[in-house]
Peer 1: 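To start, I am sharing the structure in question, which I have written as structure tokens.
Position 1 is the first residue of the sequence; numbering continues from there. Just the heavy atoms: all of them, side chains too, but no hydrogens, waters or symmetry mates, feed the values below.
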Amino acid sequence: MDYKSNLIPDGNPLENLEKQLICPICLEMFTKPVVILPCQHNLCRKCANDIFQAANPYWTNRGGSVSMSGGRFRCPSCRHEVIMDRHGVYGLQRNLLVENIIDIYKQECSSRPMQKGSHLKCKEHEDEKINIYCLTCEVPTCSMCKVFGAHQACEVAPLQSVFQGQKTELSNCISMLVAGNDRVQTIITQLEDSCRMTKENSHHVKEELSQKFDTLYTILDEKKSELLQRITQEQEEKLGFIEALIQQYREQLDKSTKLVETAIQSMDEPGGATFLLSAKQLIKSIVEASKGCQLGKTEQGFENMDYFTLDLQHIADTLRAIDFGTDEDEEEFIEDEEQEEEVSTEGKEEGHQ
């Protein structure tokens, strides 16, 4: 049986007002005290406290020691985040206007007689009110349908008891869903914070790593400049020594060349007496010049600079092995170095003995 087609709604003048006075949590008319949220939506204080406690399970309520910090939850109507102070929901302002409207509405309902058609009527038995619920078919129906109609063999229950039970169940589901949404939102916030902290920490370690490598670059540049300067100094000393020898040999060569020219001119003298006057001294000068050829020389391999060669393979291997490690790795590395130094020291002592 179609439930919607089986029910004939009958209008009520206060029906629209009643809809405005329904709590979105318990789905009942607001129970005083009624609190108003910053987003201007209203809740029963009890319902507000229920979803607040669900969203803040570790917040100490009014029955215990008062927390120095408040919590937060989301409005079930618009999802606006409500931030509480240390008083929790008891710090929310009461909506006295809504409470007064509820009182007036209840007085009006109690003073007015029940009008015909104010309840839903059975379509099969138009004079019968819908007052029971068929548990078998899961539809509201009337007593006549149970006695004479289609629901004779069905299990039924009073409509009001089923209504209250399902309403309570739906209210609990809503509270659970609202609390679940708040927990999900809390997780999202925590994950967003984790994402932000991950970016900040990554930036920090990148800066730190760059600084360490810049320090290594500086050390390498300084050591490179120092070693190049030593090579340059050795080069200048050797070149200075060689150039000095070259100058000495050139001076000797010029002197010898002049003596050769003088000797050739003497050989051209036709007179024996004139030749003899200069020949003896000339021969002496040539002999002394010949002895003067015993000047300094460079040793074999003097120009070699191989002793400035560096073996950096082990350093290159160490640099390639650079990686992120823990404090335990660094401690093991230090212990290994200390053990190697101890073994080396013991070996030297045994050699001396």
Peer 1: Is it true that Leu319 and Leu312 fall in one hydrophobic cluster, defined by side-chain heavy atoms closer than 4.5 Å?
Peer 2: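 Linked, Leu319 and Leu312 end up in one cluster.
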
Peer 1: Let me have the donor-acceptor pairs involving side chains of residues 164-180, under 3.5 Å, with sequence neighbours excluded, atom names and distances please.
Peer 2:
unit_1: Lys167; atom_1: NZ; unit_2: Leu27; atom_2: O; d: 3.0
unit_1: Thr168; atom_1: OG1; unit_2: Gln164; atom_2: O; d: 2.8
unit_1: Ser171; atom_1: OG; unit_2: Ile25; atom_2: O; d: 2.9
unit_1: Asn172; atom_1: ND2; unit_2: Thr168; atom_2: O; d: 3.2
unit_1: Ser175; atom_1: OG; unit_2: Ser171; atom_2: O; d: 3.1

Peer 1: OG of Ser202 to CG of Leu209: how many Å apart, nearest 0.5 Å?
Peer 2: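 So the OG of Ser202 and the CG of Leu209 are separated by 12.0 Å.
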
Peer 1: How about Gln93: does its CD atom have over 12 heavy atoms from other parts shown lying under 6.0 Å from it?
Peer 2: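 At most 12 heavy atoms, drawn from other residues, nucleotides or ligands, come within 6.0 Å of this atom.
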
Peer 1: Under 3.5 Å, side chain of Tyr133 to main-chain N/O of Thr141, donor-acceptor pair present?
Peer 2: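 Answer holds: no.
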
Peer 1: If you round to the nearest 0.5 Å, how far is OG1 of Thr232 from CG of Leu227?
Peer 2: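 If we round to the nearest 0.5 Å, Leu227:CG and Thr232:OG1 are 10.5 Å apart.
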
Peer 1: Should Phe213 and Phe324 be regarded as members of a common hydrophobic cluster, given that ILVMFWY residues are connected when their side-chain heavy atoms come within less than 4.5 Å of each other, either directly or indirectly?
Peer 2: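 In one cluster with Phe213: Phe324, yes.
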
Peer 1: Has the side chain of Ser194 got a donor or acceptor atom that lies under 3.5 Å from a matching backbone atom of Gln190?
Peer 2: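 A pair under 3.5 Å: no.
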
Peer 1: Which pairs count as salt bridge (charged side-chain N to carboxylate O under 4.0 Å, His left out) when at least one residue sits in residues 150-160, sequence neighbours excluded?
Peer 2: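 Qualifying pairs: none.
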
Peer 1: Pairs of donor and acceptor atoms involving the side chains of residues 32-42, under 3.5 Å and at least two apart or interchain, shall be tabulated with distances.
Peer 2:
unit_1: Lys32; atom_1: NZ; unit_2: Asp103; atom_2: OD1; d: 3.2
unit_1: Lys32; atom_1: NZ; unit_2: Asp103; atom_2: OD2; d: 3.2
unit_1: Asn42; atom_1: OD1; unit_2: Asn95; atom_2: ND2; d: 2.7

Peer 1: Ile102 and Phe30: which non-hydrogen atoms are nearest, and at how many Å?
Peer 2: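 For Ile102 and Phe30, the tightest heavy-atom pair comes out as CD1-CB, 3.4 Å.
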
Peer 1: Among residues at least two apart in sequence or on other chains, which ones pass salt bridge (Lys or Arg N to Asp or Glu O under 4.0 Å) with Glu303?
Peer 2: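 For Glu303, no residue satisfies salt bridge (Lys or Arg N to Asp or Glu O under 4.0 Å) once neighbours in sequence are set aside.
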
Peer 1: Listed by chain and number, what are the side-chain contact (heavy atoms from CB on, under 4.5 Å) partners of Thr189, not counting sequence neighbours?
Peer 2: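 side-chain contact (heavy atoms from CB on, under 4.5 Å) check on Thr189 returns Gln185, Asp193.
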
Peer 1: Would you call His151 and Val139 a side-chain contact if the rule is heavy atoms closer than 4.5 Å?
Peer 2: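 Yes, side chains in contact.
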
Peer 1: Side-chain contact, heavy-atom cut-off 4.5 Å: Lys297 with Tyr249?
Peer 2: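 With C-beta onward as the side chain, the pair touches.
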
Peer 1: Heavy atoms only: give me the nearest Ala157-Val162 pair and the separation to one decimal.
Peer 2: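 Taking every non-hydrogen atom into account, CB-CG2, 3.7 Å.
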
Peer 1: Would you say that Ile101 contacts Gln20 through its side chain, given a criterion of any heavy-atom pair below 4.5 Å between the two side chains?
Peer 2: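 When only atoms from C-beta onward are counted, Gln20 and Ile101 do not touch, as no gap falls below 4.5 Å.
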
Peer 1: Could you list the residues that satisfy ring pair (Phe, Tyr, Trp, His ring centres under 6.0 Å) with Phe163, not counting sequence neighbours?
Peer 2: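 In terms of ring pair (Phe, Tyr, Trp, His ring centres under 6.0 Å), with neighbours along the sequence ignored, Phe163 is linked to no residue.
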
Peer 1: Please name all residues satisfying salt bridge (Lys or Arg N to Asp or Glu O under 4.0 Å) with Arg320, sequence neighbours left out, ordered by chain then number.
Peer 2: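 With sequence neighbours excluded, Arg320 shows a salt bridge (Lys or Arg N to Asp or Glu O under 4.0 Å) to Asp317, given in chain and number order.
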
Peer 1: Is it the case that over 12 heavy atoms from other parts of the model lie below 6.0 angstrom from the CZ atom of Arg79?
Peer 2: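 Result for CZ/Arg79: enclosed.
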
Peer 1: Between Val82 and Phe52, is any pair of side-chain heavy atoms under 4.5 Å apart?
Peer 2: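 Counting from C-beta outward, Val82 and Phe52 never come under 4.5 Å.
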
Peer 1: Tell me the closest heavy-atom pair linking Asp306 and Thr309, and the distance in Å.
Peer 2: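 Nearest heavy atoms, Asp306 then Thr309: O-OG1, 2.7 Å.
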
Peer 1: Decide whether Phe241 and Ile246 are clustered together by the hydrophobic rule: side chain heavy atoms of Ile, Leu, Val, Met, Phe, Trp, Tyr closer than 4.5 Å, transitively.
Peer 2: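 Yes; Ile246 is reachable from Phe241 via cluster members.
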
Peer 1: For Ile219, give me all partners under side-chain contact (heavy atoms from CB on, under 4.5 Å), at least two apart in sequence or on another chain.
Peer 2: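 Thr215.
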
Peer 1: When clusters are formed from ILVMFWY side-chain contacts under 4.5 Å, directly or step by step, what else is grouped with Met305?
Peer 2: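 Grouped by the 4.5 Å side-chain rule, Ile231, Tyr307, Phe308 form the rest of the cluster around Met305.
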
Peer 1: Restricting to pairs with a member in residues 212-224, which pass salt bridge (charged side-chain N to carboxylate O under 4.0 Å, His left out), not counting sequence neighbours?
Peer 2: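 Sorted result for residues 212-224: Lys223-Glu226.
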
Peer 1: Can you tell me how far apart CG (Leu43) and CZ (Phe73) are? Round to the nearest 0.5 Å.
Peer 2: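 Rounded to the nearest 0.5 Å, the CG-CZ separation comes out at 6.5 Å.
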
Peer 1: Could you state the interatomic distance from SG (Cys195) to NZ (Lys199), rounded to the nearest 0.5 Å?
Peer 2: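 Separation between the atoms: 4.5 Å.
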
Peer 1: Any chance you could measure Lys255, atom NZ, to Thr257, atom OG1, to the nearest 0.5 Å?
Peer 2: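 Answer rounded to 0.5 Å: 12.0 Å.
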
Peer 1: Just to verify, what does Lys46 make a salt bridge (Lys or Arg N to Asp or Glu O under 4.0 Å) with, not counting sequence neighbours?
Peer 2: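 Salt bridge (Lys or Arg N to Asp or Glu O under 4.0 Å) check on Lys46 returns Asp50.
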
Peer 1: Just checking Glu237: does its CD atom have more than 12 heavy atoms from other residues, nucleotides or ligands closer to it than 6.0 angstrom?
Peer 2: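 Atom CD in Glu237 is packed in, count exceeds 12.
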
Peer 1: Ignoring hydrogens and angles, tell me if any N or O in the side chain of Asn49 forms a donor-acceptor pair with the backbone of Arg45 under 3.5 Å.
Peer 2: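 Pair absent, no side-chain N/O of Asn49 close to backbone of Arg45.
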
Peer 1: For Glu200, check salt bridge (Lys or Arg N to Asp or Glu O under 4.0 Å) against everything at least two apart and list the hits.
Peer 2: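 Partners of Glu200 by the salt bridge (Lys or Arg N to Asp or Glu O under 4.0 Å) criterion, ordered by chain and then number, come out as Arg196.
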
Peer 1: Find the distance between CZ (Arg72) and CG (Asp182) and round it off to the nearest 0.5 Å.
Peer 2: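 Spacing of CZ (Arg72) from CG (Asp182) equals 10.5 Å.
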
